[in-house]
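Heads up, the thing below is written out as structure tokens.
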Amino acid sequence: MTRQAGWMLYTVLAIAILLGAPLTAVQAQGGGNVTCGVEVRGTINNAYPDHTWTLMLKANETVTITMLQASGDLDPYLKLFSFDGTLLAENDDAPNLNYNAQVVQTLSGGRYTIHATRFAEAAGATSGDYTLSVVCGAVIPPTQPATTTTTTTTGNVLFADDFSRDTGTWGLGQDANGSATITGGELHVLNYTTADSVTYTTAGLNLSDFIWTVDSRLVGGALDNWHTFAFRVLDSSNYYAVSYSADGWYTGIVMRNGQRAEEMVAPTQSPVIRQGVGATNTVRVEITGNQVRFYVNDVQLIDYVVSPANAIPSGDIGLAVASLSGADYSEVAFDNVLIVAPGGAVTPPSQSTTPTASVLFADDFSRDTGTWWVGQDENGTVTISGGELLVRNYTSAQYTAHTEAGQNLSDFIWTVDSRLVGGALDNWHYFSFRYTDASNRYRVGYSADGWYMGEVLRNGEQVEEWAAPTQSSAIRQGVGATNTVRIEAIGNQVRFYVNDTLLIDHVVSPANAIPSGDIGLAVASMSGADYSEVAFDNVLVVAPGGAAVAPPTPVTTTTTTARVLFSDDFSVDTGEWWLNSDAYGDVYLRNGELIIRDVYDDSALYSGPSPVLDNFVLEVDSRLVGGTVNNWHFFLLRLNDNGDCYRVGYSADGYYVGTEFYGNSTQDWVQPTFSQAINQGVGATNHVRIEVQGTSVRFYVNGVLLVDAVATNRLPAGYIALSADALEAPETVIAFDNIVITAL
């Protein structure tokens, strides 16, 4: 591929036109997350009569939730549920709000679901846009990502975002050029078109001198693209920008008054840029006065001094994506944004004089590497979701839900973040090490109500107690509070820190010493509580000596493991799925399955979760529980509120089909066709796999490719839904289970 310097002028002019303001926020059609002090929008209609919004509170709050009609004849109706599904409050017509709805409730810290719907819900007749606002007694400030403090000082943090949630900082949404969304603990920027346009988002900051690090990787689409990092953005015509591409090029420019005033470097190739889909590159931008330095993977590519005539003293930052060479699209995931003031230990590791420790093991849970045990048993569940390892314990202190990493470690320093997602504060976040089996290990732990402990277990018995349960003010308490744990195991010496406070310093007796073993994470809920769920993240194990370095980027080889975007085994009601019962049928959970019963009529019954998805692989099991075999098990892909979607399906009597719905048109990819690959009859389970990338849709049943279609229209990111359709009386009842959606 040849790049001409003149092209950069053309592209950055396009960026200049677009960088003036954040993307216009789109209306959320199916719910999502909402926080105190934030207003969200949605549209209620017959396709989406009930939106589920998730609210997380870190402490006791008096919460006012208001749903106001914004258009149409919508008659708003609100319901508030606890995370376990208990209805706490509901309202149809609030006093002094005409036909609008409002709920005022004093709540404890934890996770809640808000159902924004209409009078009579699914059977109602009104529709239109609405606004939903949540006002709390004290607005919770955004939580910055937890960091591990070492004895080496670093510059003051000016801004940080790990995209574990939408803080409202970045411009998100969709327009004619592409979309910007926060999903799976990353910021995804998708550019639909060619070099004529750029998709971007800005952070709303005003920064002068700083050091900015950020990870980015191509999720899918053209390698011939630009990942652009703009800074000191004054307006659409004045900013600095550096860029690299997924096929190994980089460049940098200064824009003044809509013109390229200076070229820091013309488009140039570099072997330090990791190439291809899935390859992560760490970018570092240093701006001090008029000096600009640009690093990729700790190698300096640009060292440039902007002339005083074109210098910009301060401005915003922005992230942008452009696809070139006439490609359909490029999608880039950005993560781990950190901006610090110059000063302290901020030189790249390759240039630092401070010795660094050898990394023995690291995991940021951005994907399931297959290292940890993930699954469900009688004690709880272990899942990897949203860039975290979630361990949920169902029962009391008699049992723990746990997972191990499959390592064999002797002397090390281990840091890890953990926080209570929901459930009882009276719990234990356990950290096992030198684990040889369930009966022989060292173990330390802390609780979300401020206690800590430590012990040696040999042959299933406690043989040494390093610390009986003891309270400490160093432990951050409550739902949502993150604590950083540090464990040092060197010889027989064990030290346990929480938030850099030393809580345990103990020498294990030689008789009870364990020389090496695995590491493990576990959760126990106490006081007879129903459950405790803990999120673990940023596991880093280094050899003693030097300063702990950041975990290496997981994707460094050509062999990758898919990143999980969404999963559900239907063991509990997460609030993600639309559950309902009316004259058309029922949608409910039973025995760890999602059941859809559709009564024979002219329509199908469906249910879907809230994630907005673009390119993905969906896998799910389905089986006919009862009723007619003359039916459809339908799977709706990139569904939007207009009813546009791709749809594939199979029947319990052995047929399959594929269809594209767009606007008022319907296009059949495959007419109903018989296949021996489909297991037939009541009780027969079929495993479905669907791959969606760009305009390509592939539909497999039991490993056999049945539909290989190219859509006429490229639909933007949308929802997925599972559906049942009875084609003859009286009904069809279908069970869905084990849904896993991974990134392509």
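Atom set for the values below is all heavy atoms of this structure, side chains included, hydrogens, waters and symmetry mates excluded.
The closest side-chain heavy-atom distance from Val688 to Tyr700 is not below 4.5 Å. Considering only heavy atoms from C-beta on, Leu565 stays 4.5 Å or farther from Thr742 through its side chain. At least one side-chain heavy atom of Glu90 sits under 4.5 Å from a side-chain heavy atom of Leu87. Side-chain atoms of Val479 and Val421, non-hydrogen and from C-beta on, never get closer than 4.5 Å to each other. Contact check for Thr403 versus Val374: no side-chain heavy atoms found under the 4.5 Å cut-off. Using a 4.5 Å heavy-atom cutoff, the side chains of Phe616 and Phe566 are not in contact. Residues Ile720 and Ile739 have side chains in contact (heavy-atom distance under 4.5 Å, counting atoms from C-beta outward). Looking at heavy atoms from C-beta onward, Ser133 lies out of side-chain contact with Met67 at the 4.5 angstrom threshold.
For the residue pair Asn738 and Asp569, no side-chain donor N or O sits within less than 3.5 Å of a side-chain acceptor on the partner. Under the 3.5 Å distance criterion, with hydrogens and angles disregarded, no donor-acceptor pair is assigned to the side chains of Gln376 and Thr381. Using modelled atom types, one finds no donor on one side chain facing an acceptor on the other under 3.5 Å when comparing Asp621 with Thr685. A donor-acceptor contact under 3.5 angstrom links the side chains of Thr106 and Thr62, judged on distance only. Asp586 and Ser581 share a donor-acceptor pair across their side chains, judged by distance under 3.5 Å alone. Side chain to side chain, Ser525 and Asn393 meet the donor-acceptor criterion of an N or O pair below 3.5 Å. No hydrogens or angles considered: nothing links the side chains of Glu121 and Tyr77 as a donor-acceptor pair under 3.5 Å. Side-chain atoms of His633 and Ser622 form a donor-acceptor pair, as typed in the model, at a separation below 3.5 Å. Of the N and O atoms on the side chains of Ser651 and Asn631, not one donor lies less than 3.5 Å from an acceptor on the other residue. Residues Gln102 and Thr64 bring no donor and acceptor atom of their side chains to less than 3.5 Å of each other.
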message: Let's go through Asp614 and Arg714 carefully: what are the C-alpha distance in whole Å and the side-chain angles of both, what is the deciding distance for salt bridge (charged side-chain N to carboxylate O under 4.0 Å, His left out) to 0.1 Å, and is it a yes or a no?
response: CA-CA 10 Å; Asp614 187 18; Arg714 193 201 190 286; 3.2 Å; yes
task: Run the numbers on Glu691 and Ser696 for side chain to side chain donor-acceptor pair (under 3.5 Å), then give the verdict.
output: CA-CA 8 Å; Glu691 300 173 357; Ser696 173; over 6 Å; no
message: Would Arg689 and Leu618 count as a side chain to side chain contact (heavy atoms under 4.5 Å, CB included) here? Give the steps.
response: CA-CA 6 Å; Arg689 176 183 173 93; Leu618 183 155; over 6 Å; no
task: Report the C-alpha separation of Asn615 and Arg638 in whole Å, then their side-chain angles, then the decisive distance to 0.1 Å, and conclude whether the side chain to side chain donor-acceptor pair (under 3.5 Å) test is met.
output: CA-CA 9 Å; Asn615 298 314; Arg638 290 193 188 153; 3.0 Å; yes
message: Checking Asp598 against Thr732 for the side chain to side chain donor-acceptor pair (under 3.5 Å) test, could you report, in this order, the C-alpha distance in whole Å, the side-chain angles of both residues, the deciding distance, and whether it holds?
response: CA-CA 5 Å; Asp598 179 61; Thr732 192; over 6 Å; no
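Ring centroids of Tyr646 and Trp669 are separated by less than 6.0 Å, placing the two rings close together. Centroid-to-centroid, the aromatic rings of His51 and Tyr130 come within less than 6.0 Å.
A donor-acceptor pair under 3.5 Å is formed between the side chain of Ser532 and the backbone N or O of Ala424. Of the possible polar contacts, one joining the Asn686 side chain to the Asn679 backbone as a donor-acceptor pair under 3.5 Å is found. Between the side chain of Ser675 and the backbone N or O of Ala677 there is at least one donor-acceptor pair closer than 3.5 Å. Side-chain N or O atoms of Asp582 include one that pairs as donor or acceptor with a backbone N or O of Tyr584 at under 3.5 Å. In this structure, the side chain of Asp73 engages the main chain of Ser127 through a donor-acceptor pair within 3.5 Å. Not a single donor-acceptor pair under 3.5 Å links the side chain of Glu619 to the backbone N or O of Ile741. Judged purely by atom type and a 3.5 angstrom limit, Asn702 uses its side chain to pair as donor or acceptor with the backbone of His687. Remark: side-chain polar atoms of Asn427 are paired, donor with acceptor, to backbone N or O of Ala448 under 3.5 angstrom. Thr628 contributes a side-chain N or O that, together with a main-chain N or O of Asn630, makes up a donor-acceptor pair within less than 3.5 Å. Counting only distance, with no hydrogens or angles, the side chain of Asp568 and the backbone of Phe570 share a donor-acceptor pair below 3.5 Å.
Taking CG from Leu594 and CD1 from Ile734, the interatomic distance works out to 10.5 Å, rounded to the nearest 0.5 Å. Separating the NE2 atom in His188 from the CZ atom in Phe163 is a distance of 10.0 Å, to the nearest 0.5 Å. In this structure, CG on Leu579 lies 11.0 Å from CD1 on Ile595, to the nearest 0.5 angstrom. For the atom pair OG1 of Thr666 and CD of Glu660, the computed distance is 9.5 Å after rounding to the nearest 0.5 Å. Once rounded to the nearest 0.5 Å, the distance linking CG of Leu88 with CG of Leu107 reads 6.5 Å. For the atom pair His115 NE2 and Leu78 CG, the distance stands at 11.0 Å (nearest 0.5 Å).
Surrounding OH of Tyr655 are at most 12 heavy atoms belonging to other residues, nucleotides or ligands under 6.0 Å away. The 12-atom threshold is exceeded at OH of Tyr588, counting heavy atoms of other residues, nucleotides or ligands nearer than 6.0 Å.
Applying the side chain to side chain contact (heavy atoms under 4.5 Å, CB included) test between Pro609 and each of Trp578, Tyr719, Trp577 identifies Trp577 as the sole match. None of Leu74, Asp50, Asp75 except one satisfies the side chain to side chain contact (heavy atoms under 4.5 Å, CB included) rule with Thr117; the exception is Asp50.
Ring orientation note: the planes of Phe736 and Phe635 are nearly perpendicular, at an angle over 60° on the 30°/60° scale.
Figure legend: cation-pi geometry between Arg647 and Phe661 absent, as NZ or CZ is not positioned both under 6.0 Å from the six-membered ring centre and within 45° of its axis. The side-chain tip of Arg392 points at the ring of Tyr531 from less than 6.0 angstrom away and within 45° of straight on.
The minimum heavy-atom distance linking Ala116 with Ile44 is given by the pair O-CD1, 3.5 Å. Residues Leu68 and Asn100 share a closest heavy-atom pair of CA-OD1, 3.2 Å. In terms of heavy atoms, Val620 sits closest to Asp737 at CG2-O, 3.3 Å. Residues Asn46 and Arg118 come closest through the heavy atom pair OD1-NH2, 3.0 Å. Scanning both residues, Ala721 and Leu639, for their nearest heavy atoms gives CB-CD2, 4.3 Å. Heavy atoms only, all atoms of each residue included: Val625 and Val682 are closest at O-CG1, 3.4 Å.
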